[in-house]
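Side chains included, hydrogens not; waters and symmetry mates left out as well; all remaining heavy atoms used.
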Amino acid sequence: MATNTIQFNNPISLSEARTAILELGTTNTAVIKGEPGCGKSTLLKMLKEDLGDRYDYIYVDCPVKDIGDTAMSIPDHDRTKLTQLVSELFMLDSPKPKVIMLDEFMKTPKLLQTMWTRLMLEHSVGDKDLDKTHPESIIFATSNNASDGVGDSMLAHAGNRVTIYNMRKPNANEWNLWATDNDIAPEIRACVAMNPRMLASYLDGGQDDNPFIFNPDRKALSFVTPRSLAKCNSIIRKRDRLGPNLTKASLAGTIGAAAAELMSAVVSLSGELVSVKTVMADPDSVRIPEKPAALFMMMFNAIDTIETQDQLAAFMKFVNRISSAEVQSVFFTMALQSKKISKLAIKNEQIKEWSKTNYELLI
């Protein structure tokens, strides 16, 4: 019998999902469940960053696979028997252990789900035992929540063979840390920092009036997710070539009309910014923009620009003149935790002092 209501009260983060697979993946098949676009499919790339060239990395798009895509029996006329040939997808001719990601596993038709149960429990592909032929292989799966209403369910006996995790969406600060380290436009990061509801979840409660997010009751095709926000990067960076109307239409078709309105408003304020170079040259008296969106963009521009301790110290003088603790917290959070300037920030006495006084504003 299939079960469609697997829910838990202790959701994990994307980082914790990564740790669970690394630490338990050779013995426990993790099934990572989460809302659309929250980063599940990036786990294979993350694991490659962790494990490097020691492993082969295999992506299996479960819903589009058929029985013959895994292994097929063919006649062995010399032995008058059937023998099984495993698909080259699984790279068994390579001696390296495998990291196998079964993407959208719970969308696989029930007949085909059974095809994966031996792989999940016994690490067998067809009749090939990976634990013998390719020891240290890691198997994990991803899928959406059953409550998302996009066709995910699991057979009970299959569920008993795996370790099921509910993965939550990243919050605004967590996403902005990732975005800062991945060259996402400052306008997008500023918009998220000012509107953290963009990354709320319909499962949180109190989000029925949230116009930005995925909600299975609304059946919208365009909405804000970590994935769709990242897709806005090329739109924002090419807005001069696209023109205002096409830029806004592209944003609406990617993150929905409500979020497109907010992001367009943030973009329109870019003319009010003071350059980071100008700030660092005269941090004590340079003009402070009045609009919060302009200040947020300046904070992200600084994170992208600062390269030396002297530059950081100069910009800090400007930050300390800003009256908004919320704007300050964005700069300090990114400075301390982003890869770009964290090595500088942890040695900066002003940042250390601010962090002690305002620790509750940091992640």
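Residue Arg218 comes nearest to Pro211 through the heavy atom pair NH2-CA, 4.3 Å, listed as atom of the first residue, atom of the second, then distance. For Gln207 against Arg197, the heavy-atom pair with the smallest separation is OE1-NH2, 3.5 Å. Of all the heavy atoms in Pro226 and Lys169, the pair that sits closest is CD-CE, 4.5 Å. Residues Glu272 and Pro289 share a closest heavy-atom pair of O-CG, 3.8 Å. Heavy-atom minimum distance, Arg118 versus Arg161: N-NH1, 4.3 Å. Heavy atoms only, all atoms of each residue included: Gln350 and Ala313 are closest at OE1-O, 3.9 Å.
With rounding to the nearest 0.5 Å, the separation of CG in Asn210 from CG in Leu199 is 10.0 Å. Note that the CZ atom of Phe300 and the CG atom of Leu295 stand 12.0 Å from one another [nearest 0.5 Å]. Met167 CE to Ser143 OG: the interatomic distance, rounded to the nearest 0.5 Å, is 12.0 Å. Interatomic distance, Leu47 CG to Thr42 OG1, rounded to the nearest 0.5 Å: 9.0 Å. Between the CD atom in Gln328 and the CD1 atom in Ile351 there is a gap of 11.5 Å [rounded to 0.5 Å]. Remark: Met297 CE to Leu273 CG distance equals 4.5 Å, nearest 0.5 Å.
Taking the side chain as every heavy atom from C-beta outward, Thr278 and Arg287 never approach each other to under 4.5 Å. Between Phe140 and Val99 there is a side-chain heavy-atom pair separated by less than 4.5 Å. For the pair Met46/Leu14, a side-chain contact is recorded, criterion being any heavy-atom separation below 4.5 Å from C-beta on. Residues Leu336 and Ile346 form a side-chain contact, since some pair of their non-hydrogen atoms from C-beta on lies under 4.5 Å apart. Using a 4.5 Å cut-off on side-chain heavy atoms (C-beta onward), Asp152 and Glu104 make contact. For the pair Phe318 and Met298, the minimum side-chain heavy-atom distance is below 4.5 Å. Residues Ile322 and Met299 are in side-chain contact: their nearest non-hydrogen atoms beyond the backbone lie under 4.5 Å apart. Considering only heavy atoms from C-beta on, Leu24 stays 4.5 Å or farther from Thr163 through its side chain.
By the neighbour-count criterion of 12 heavy atoms within 6.0 Å, atom CG of Asp66 is densely surrounded, having more than that number from other residues, nucleotides or ligands. In Lys96, the NZ atom is crowded: over 12 heavy atoms of neighbouring residues, nucleotides or ligands sit closer than 6.0 Å. Dense packing is recorded around CD of Glu49, with more than 12 heavy atoms of other residues, nucleotides or ligands lying under 6.0 Å away. Heavy-atom contacts from other residues, nucleotides or ligands closer than 6.0 Å to CG of Asn182 number more than 12. Taking a 6.0 Å sphere around NZ of Lys340, one finds it holds more than 12 heavy atoms contributed by other residues, nucleotides or ligands. Counted within 6.0 Å of NZ on Lys107, heavy atoms from surrounding residues, nucleotides or ligands total more than 12; the atom is thus considered enclosed. Counted within 6.0 Å of NZ on Lys48, heavy atoms from surrounding residues, nucleotides or ligands total 12 or fewer; the atom is thus considered open. Annotation: Lys317, atom NZ; neighbour count of heavy atoms from other residues, nucleotides and ligands within 6.0 Å does not exceed 12.
A donor-acceptor contact shorter than 3.5 Å links the side chain of Tyr57 to the backbone of Gly52. For His134 (side chain) and Ser94 (main-chain N/O), a donor-acceptor pair under 3.5 Å exists by modelled atom type. In terms of modelled atom types and a separation under 3.5 Å, the side chain of Asp103 and the main chain of Val60 share no donor-acceptor contact. For Lys98 (side chain) and Met91 (main-chain N/O), a donor-acceptor pair under 3.5 Å exists by modelled atom type. Between the side chain of Thr19 and the main chain of Ser15, a donor-acceptor pair closer than 3.5 Å is present. When atom types are taken as modelled, the side chain of Asp129 and the backbone of Asp131 share a donor-acceptor pair closer than 3.5 angstrom.
For the residue pair Tyr202 / Asp148, a side-chain donor-acceptor distance below 3.5 Å is found, with atom types taken as modelled. Donor-acceptor pairing under 3.5 Å is recorded for the side chains of Glu35 and Ser201. No side-chain donor from either of Thr333 and Asn173 sits under 3.5 Å from a side-chain acceptor of the other.
Within the structure, salt bridge (Lys or Arg N to Asp or Glu O under 4.0 Å) contacts touching residues 299-315 (residues at least two apart or in different chains) are Arg189-Asp304. Residue pairs meeting the ring-ring contact (aromatic ring centres under 6.0 Å, His included) criterion with at least one partner in residues 222-258, sequence neighbours excluded, are Phe214-Phe223. Sorted pairs that involve residues 249-284 and meet ring-ring contact (aromatic ring centres under 6.0 Å, His included), not counting sequence neighbours, are lacking altogether. Within the structure, side-chain hydrogen bond (donor to acceptor under 3.5 Å, both in side chains) contacts touching residues 289-302 (residues at least two apart or in different chains) do not occur.
Hydrophobic clustering keeps Phe90 apart from Val64 (ILVMFWY residues linked when any side-chain heavy atoms are closer than 4.5 Å, directly or through intermediates).
For the ring pair (Phe, Tyr, Trp, His ring centres under 6.0 Å) test, no residue two or more places apart in sequence or in another chain qualifies with Tyr55. Take Arg237 and apply the side chain to side chain contact (heavy atoms under 4.5 Å, CB included) test, not counting sequence neighbours, and it matches Asp183, Ala185, Pro186, Asn233. Residues passing the side-chain hydrogen bond (donor to acceptor under 3.5 Å, both in side chains) test with Asn320: none are found, sequence neighbours excluded. Every residue meeting the side-chain hydrogen bond (donor to acceptor under 3.5 Å, both in side chains) condition with Ser285, not counting sequence neighbours, appears here in chain and number order: Asp282. In this view, Lys248 and Glu261, Ser264 satisfy the side chain to side chain contact (heavy atoms under 4.5 Å, CB included) rule, not counting sequence neighbours. Asp127 pairs by the side chain to side chain contact (heavy atoms under 4.5 Å, CB included) definition with Gln84, not counting sequence neighbours. Residues that satisfy the side-chain hydrogen bond (donor to acceptor under 3.5 Å, both in side chains) test with Glu23, not counting sequence neighbours, are absent from this structure.
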For Leu22 and Leu51, run side chain to side chain contact (heavy atoms under 4.5 Å, CB included): C-alpha distance rounded to whole Å, both residues' side-chain angles, the deciding distance at 0.1 Å, then the answer.
-> CA-CA 9 Å; Leu22 284 170; Leu51 300 171; 3.9 Å; yes

List the steps and the verdict of side chain to side chain contact (heavy atoms under 4.5 Å, CB included) for Leu203 and Asn166.
-> CA-CA 11 Å; Leu203 295 170; Asn166 276 6; over 6 Å; no

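Screening Leu130, Leu44, Ile138 for a side chain to side chain contact (heavy atoms under 4.5 Å, CB included) involving Ile100 leaves a single residue, Leu130.
Taking the charged nitrogens against the carboxylate oxygens, Arg168 and Asp204 have no contact shorter than 4.0 Å, which rules out a salt bridge.
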Residues 249-257, side-chain donor-acceptor partners within the protein, below 3.5 Å, at least two apart:
{"unit_1": "Ser250", "atom_1": "OG", "unit_2": "Leu246", "atom_2": "O", "d": "2.7"}
{"unit_1": "Thr254", "atom_1": "OG1", "unit_2": "Ser250", "atom_2": "O", "d": "2.7"}

